[in-house]
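What follows is a set of notes on a single structure, which appears directly below.
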Amino acid sequence: MSEISVLLPDGSSRSVASGATVADLAASIGSRLAKAAIAGTINGAEVDLSVGLSNGDAVSVITADSDAGRHVLRHSTAHVLAQAVLQMFPGAHFTIGPAIEDGFYYDFALPNNQTFSDDDLAAIEIRMREIMKSNQPFTRSEVSAEEALAIFSTQPYKCEIIERVTSGAADGSDAAEVGDGGSVSLYRNSDEFVDLCRGPHVPTTNRLGHFSLMKVAGAYWRGNEKGPMLQRIYGTAWESDTALKEHLHRLEEATKRDHRRLANELDLLSFPSELGGGLAVWHPKGAIIRKLMEDYSRQRHQDGDYQFVYTPHLANANLFAKSGHLDFYADGMYPPMEMDNGTYYMKPMNCPMHCLIFDSRQRSYRELPLRLFELGNVYRYERAGTLHGLLRIRGFTQDDSHIYCTEEQMADEISSLLDFIMSVLRRFGFNDFEFNLSTRDPEKSVGSDEIWGKATEALREALDRHGVEYKIKEGDAAFYGPKIDIDVRDAIGRKWQLSTIQCDFNLPERFELEYVGSDGARHRPIMLHRALFGSIERFFGVLIEHYAGAFPTWLSPEQVRVLPVALAHDEYAQAVVKQLKKAGFRVEIDHADEQLGKRIRNAKTSKVPYVLVVGDDDVAHQSVGVNPRGGEVERDVSVSDFIARLGAEVAEGQLGDLDVS
RNA sequence: GCCGGGUUAGCUCAGUGGUAGAGCAACGCACUUGUAAUGCGUAGGUCGUGGGUUCAAUCCCCACACCCGGCUCCA
């Protein structure tokens, strides 16, 4: 028998029999690898294990416990989901079912606009397990478009995909379904079930099984809100039961951090339904944190040569007509108030008002960059279904600034903004940043090519100067200019978009803003919008989840709780409280009318950073027992020592990074 | 806005076509405790709002409000 030679990922060559498949190669390397293999790559392209090798191929084996392997598992599980649904719901149409982060989904259109119930989900999962157990092979074939249309003649969505692909109108999601060649690739795993798919898939359905169907949801066909609404089933799938369990555990942990739950448990704020949707009231404890955030923000802006301004919550419609926002965003604004002297709107943004301030008198180039800053309250009528706790809210406060500068100043200004942003975010325990540069959408934009080019270049230059990696989001800019968005990762690795720096060529034009240059001529300034927190509300929501409600001492609404062991120690405890308050700390006392253990538990569940227990010894020695959040109890600490340590901790928090774990 | 699900005591949640229950919290009494839940007792709800069906609705139906999970959107 002749042999061929293939190249392995480590650079070595290996001889295998001519006609060997990826599976054969894996088996020749080791039985363990053969068992773990679910797909492979040949010359960089992902393939099924059953694909034959050619002499000189670069080959790798994909195992289930890799990202690529889990992707294959998830996609194969999605096929089985579709198979089960088609069996159980005669007349159902299936559409697309990709693998996604942590799992997969599949979209269906059920006859007579039926919807899936939770009971259906459980039944579908059982049927899926039966299919997996029956060990059906996934078999690939390639057919012409005509043949494919015949095979899927009762499946209009599949026909649409085939037609789009063969007519060259396919987008990414179509290509993922069928591949991009002239022919259409299919995967069949029984006589009755076949799906369009590029693959690869696991060799047989019994390689699947560590999965769970999670939820059912509505989803628009092709994401088009005017198109039909489909029924989507989400699932998660993993390489082992352990990995599945770990994932479900992570979800539980994330639920415990939910800011809506913690805001309630910690008495920070609430969303009374009497107020209306998407409107919050801040309770005293939440307000303490908010004030500290605002104080810090104001201090940093003052240090950064920003000038503080205030503007009203309402404005005449003419202002928003002039800014152009009424044309673009009227649907997202609270409805107009007809007054006897005109029509008024709640402001959905601060920028037009800041432009009025800029334009209130003649400006010189000597004033630039002119940085106007406001913690500005804005109101946006977000669509009802989009509201989400503090993260998507209708009334909120932006830490908003508009910077007017020259073209030449733009790059330096943006560069220093990046430093400013990261420095502020670090103060709140965020150390992992991701940058996105959003570029022009030629279909939806104002301004000349030249100015777009310059501004995009300035943003890029600033990012390059910082040596940070960034992603380009093609066409994702606002209509008025390119922008940088900054995402942070929180303590459990989730990504949140917070800060933004946006160039604006629209408003200076519309407001005819000018400054007098050193040449004596009038010039139009560049305008930058930027927010660090984004909105105070949203940032606070993210902060709650990041710290899981256990705020660092400098931000904690209650920094210390003093617990007298017994009634006899109450007087001393009150003296300790008095000293701490005098030193500027937020302190409460919990009198001895409950068991000590109970009171400690209460303090811990309230996430108070320091619990001080005081008893006979402490009265005798002017000391306290210190029980820190997440640390060991320390007895006989002198009150003055504790005050000094607490003061240092709070001050450190105000200067440097916080260790968040 | 669209597709689902939900709304019962301050909180977390049971429950029923004949106007309601638990745990925690609150309050009272006893206990005075040295590092994560003492015991006993009391009080607390127009069952989201409005309409309909019914002898009777918290329960069934409709509308609305608000919330949750997604989709779409996000200046």
Side-chain angles (χ1 to χ4, degrees), chain A residues 105 107 110 113-118 120-121 214-234 258 260-261 264-265 267 270-279 320 323-333 347-352 378 380-389 391-393 398 400 477-481 483 497 500 502 504 506-507 529 531 534 538 563-570 591-606 611-618 624-628 632-636:
Chain A
Y105 68 78
D107 285 349
L110 297 183
N113 288 323
Q114 278 182 77
T115 55
F116 293 116
S117 67
D118 285 347
D120 292 334
L121 222 56
M214 303 300 284
K215 59 202 169 196
V216 51
Y220 295 108
W221 170 236
R222 295 197 175 283
N224 174 6
E225 118 180 81
K226 305 239 168 14
M229 172 67 67
L230 306 171
Q231 288 284 302
R232 174 172 297 179
I233 294 176
Y234 282 97
D258 189 305
R260 293 163 299 190
R261 173 197 186 118
N264 184 36
E265 283 174 8
D267 196 16
S270 60
F271 297 87
S273 60
E274 295 88 337
L275 265 184
L279 298 169
F320 300 118
S323 70
H325 288 100
L326 210 43
D327 290 341
F328 283 93
Y329 302 113
D331 288 349
M333 292 165 69
K347 68 170 169 181
M349 81 297 295
N350 307 297
C351 12
V378 298
R380 296 180 181 176
Y381 197 75
E382 303 286 2
R383 294 161 83 180
T386 63
L387 298 174
H388 183 93
L391 302 181
R392 192 78 177 271
I393 192 170
Q398 295 177 309
D400 203 6
F479 73 89
Y480 49 69
K483 63 174 178 177
Q497 199 225 300
T500 182
Q502 310 183 352
D504 189 338
N506 182 49
L507 287 180
H529 306 244
R538 180 181 160 79
L563 311 185
V565 172
L567 281 177
H569 313 116
D570 204 72
H591 301 287
D593 40 28
E594 290 274 12
Q595 271 195 326
L596 181 63
K598 177 69 172 292
R599 286 178 287 142
I600 287 170
R601 183 184 151 80
N602 288 345
K604 294 295 179 186
T605 55
S606 308
V611 177
L612 301 186
V613 174
V614 294
D616 288 335
D617 297 352
D618 301 295
V624 293
V626 180
N627 184 338
E632 295 294 310
V633 171
E634 188 181 357
R635 292 282 299 270
D636 284 320

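Computed over heavy atoms, backbone and side chain alike; hydrogens, waters and symmetry mates excluded. Protein chains get the first letters and strands the later ones, always in sequence-line order, with residue 1 at the start of each.
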inquiry  = Assuming nearest nucleotide by heavy-atom distance, tell me which of A/Ile600 and A/Phe116 is located more 5' along RNA chain B.
reply    =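 Its nucleotide being nearer the 5' end, the pick is A/Phe116.
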message = Reading RNA chain B from 5' onward, which residue's closest nucleotide shows up sooner: A/Gly625 or A/Thr115?
response =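 The residue closer to the strand's 5' end, by nearest nucleotide, is A/Thr115.
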message = Given 3.5 Å as the limit, does a donor-acceptor pair link the side chain of A/His569 with the main chain of A/Asp616, or not?
response =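 Confirmed, A/His569 side chain pairs with A/Asp616 backbone.
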inquiry  = Using only atom types and a distance under 3.5 Å, with no angle test, would you say the side chain of A/Asp120 pairs donor to acceptor with the backbone of A/Ser117?
reply    =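 Checking the backbone N and O of A/Ser117 against the side chain of A/Asp120, a donor-acceptor pair under 3.5 Å is found.
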ask   = So with a 6.0 Å cut-off around CG of A/Asp118, is the heavy-atom count from everything else above 12?
value =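 Open: at most 12 neighbouring heavy atoms sit under 6.0 Å from CG of A/Asp118.
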query = With a cut-off of 6.0 Å (strictly less than), are more than 12 heavy atoms of other residues, nucleotides or ligands near CG of A/Asn224?
reply =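 Above 12, so yes.
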Once you round to the nearest 0.5 Å, how far does [atom1] of [X] lie from [atom2] of [Y]?
X	Y	atom1	atom2	answer
A/Leu612	A/Asn627	CG	CG	9.0 Å
A/Glu265	A/Asp258	CD	CG	9.5 Å
A/Asp593	A/Lys598	CG	NZ	10.5 Å
A/Arg635	A/Asp618	CZ	CG	6.5 Å
A/Gln497	A/Arg538	CD	CZ	6.5 Å

Could you work out the separation of [N] and [M] based on their [atom1] atoms and round it to a whole Å?
N	M	atom1	answer
B/A36	B/C73	C1'	46 Å
B/G4	B/C27	C1'	42 Å
B/C68	B/C55	C1'	38 Å
B/C67	B/G52	C1'	25 Å
B/C13	B/U72	P	29 Å
B/C61	B/G23	P	32 Å
B/U16	B/G44	P	25 Å
B/G70	B/C29	P	48 Å

List the protein contact pattern of [range] with one symbol per nucleotide (5' to 3'): B for base contact, S for sugar-phosphate-only contact, - for none; contact means a heavy-atom distance under 4.0 Å.
range	value
nucleotides 42-47 of chain B	------
nucleotides 67-75 of chain B	SSBBBBBBB
nucleotides 24-30 of chain B	-S-----

task = Search all heavy atoms of A/Gln502 against all heavy atoms of A/Thr500 and return the closest pair with its distance.
result =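 Looking at all heavy atoms of both residues, the closest pair is NE2-OG1, 3.2 Å.
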key: For the student: nearest non-hydrogen atoms of A/Cys351 and A/His325, plus distance   =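 Answer, listing the atom of A/Cys351 first, then A/His325: SG-CE1, 4.4 Å.
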message = Only Watson-Crick and G-U wobble pairs, only distances under 3.5 Å, only runs of 3 or more: what stems does that leave for RNA chain B?
response =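 Only these stems qualify: B:1-7 with B:65-71, B:10-13 with B:21-24, B:26-30 with B:38-42, B:48-52 with B:60-64.
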For A/Phe479, all residues meeting ring pair (Phe, Tyr, Trp, His ring centres under 6.0 Å), sequence neighbours excluded =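 If we apply the ring pair (Phe, Tyr, Trp, His ring centres under 6.0 Å) test to A/Phe479, skipping adjacent residues, the hits are A/Phe328.
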ask   = Side chain of A/Leu596: nearest nucleotide among B/C66, B/U32, B/G34?
value =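 Of the candidates, B/G34 comes closest.
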If I take atom [atom1] in residue [X] and atom [atom2] in nucleotide [N], what distance separates them, rounded to the nearest angstrom?
X	N	atom1	atom2	value
A/Leu563	B/A37	CG	P	13 Å
A/Leu275	B/G48	CG	C1'	15 Å
A/Asp118	B/G5	CG	P	9 Å
A/Asp636	B/U35	CG	P	14 Å
A/Gln114	B/C3	CD	P	16 Å

message = Using side-chain heavy atoms (C-beta onward) and a distance below 4.5 Å, is A/Gln398 in contact with A/Asn350?
response =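 The answer is yes, as the side chains (C-beta and beyond) meet within the 4.5 Å cut-off.
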ask   = Are the side chains of A/Met349 and A/Arg380 in touch, meaning some heavy atoms are under 4.5 Å apart?
value =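 The answer is yes, as the side chains (C-beta and beyond) meet within the 4.5 Å cut-off.
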message = Any base atoms under 4.0 Å from A/Asp618, or only sugar-phosphate, or nothing? Heavy atoms, all strands.
response =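 Base contact.
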For A/Tyr105, all residues meeting side chain to side chain contact (heavy atoms under 4.5 Å, CB included), sequence neighbours excluded =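 With neighbours one apart ignored, the set is A/Ile96, A/Pro98, A/Ile100, A/Asp107, A/Arg232, A/Tyr234.
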